[in-house]
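Okay, structure first, notes after.
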Amino acid sequence: MVTHSMHQAASLGDRLIMMHRGQIIHDLQGAEKRRLRPDDLLARFEEVRRAEQLTKVRPDAAEQYV
């Protein structure tokens, strides 16, 4: 199933793959996925977006977020 809803992603299915710009940025399953809340997913995605914005200013800044 493909969804853009953080709530559906956190509660349905056995595995969660989060993508950004065609790249897999998180692949979660099992106990790790069950511990996640929708807010955790959103925070992880926002970290990647922030890192992407930082690379426009400082190309080496994103390395700490990946």
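Atom set for the values below is all heavy atoms of this structure, side chains included, hydrogens, waters and symmetry mates excluded.
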Checklist outcome for this item: The reported gap from CZ in Arg44 to CG in Asp39 (rounded to nearest 0.5 angstrom) is 13.0 Å

Checklist entry - What about Leu28 and Met19, same hydrophobic cluster or not, with Ile/Leu/Val/Met/Phe/Trp/Tyr joined at side-chain heavy-atom distances under 4.5 Å? => result no

Checklist entry - CD1/Ile24 to CE/Met18 distance, rounded to the nearest 0.5 angstrom? => result 12.0 Å

Checklist entry - To the nearest 0.5 Å, how far apart are CZ in Arg34 and CD in Gln29? => result 10.0 Å

Checklist entry - Is the closest side-chain heavy-atom distance between Glu32 and Arg35 below 4.5 Å? => result yes

Checklist entry - In Å, rounded to the nearest 0.5 Å, how long is the span from NZ of Lys33 to CD1 of Ile17? => result 12.0 Å

Checklist entry - Any side-chain heavy-atom pair from Val48 and Gln23 closer than 4.5 angstrom? => result no

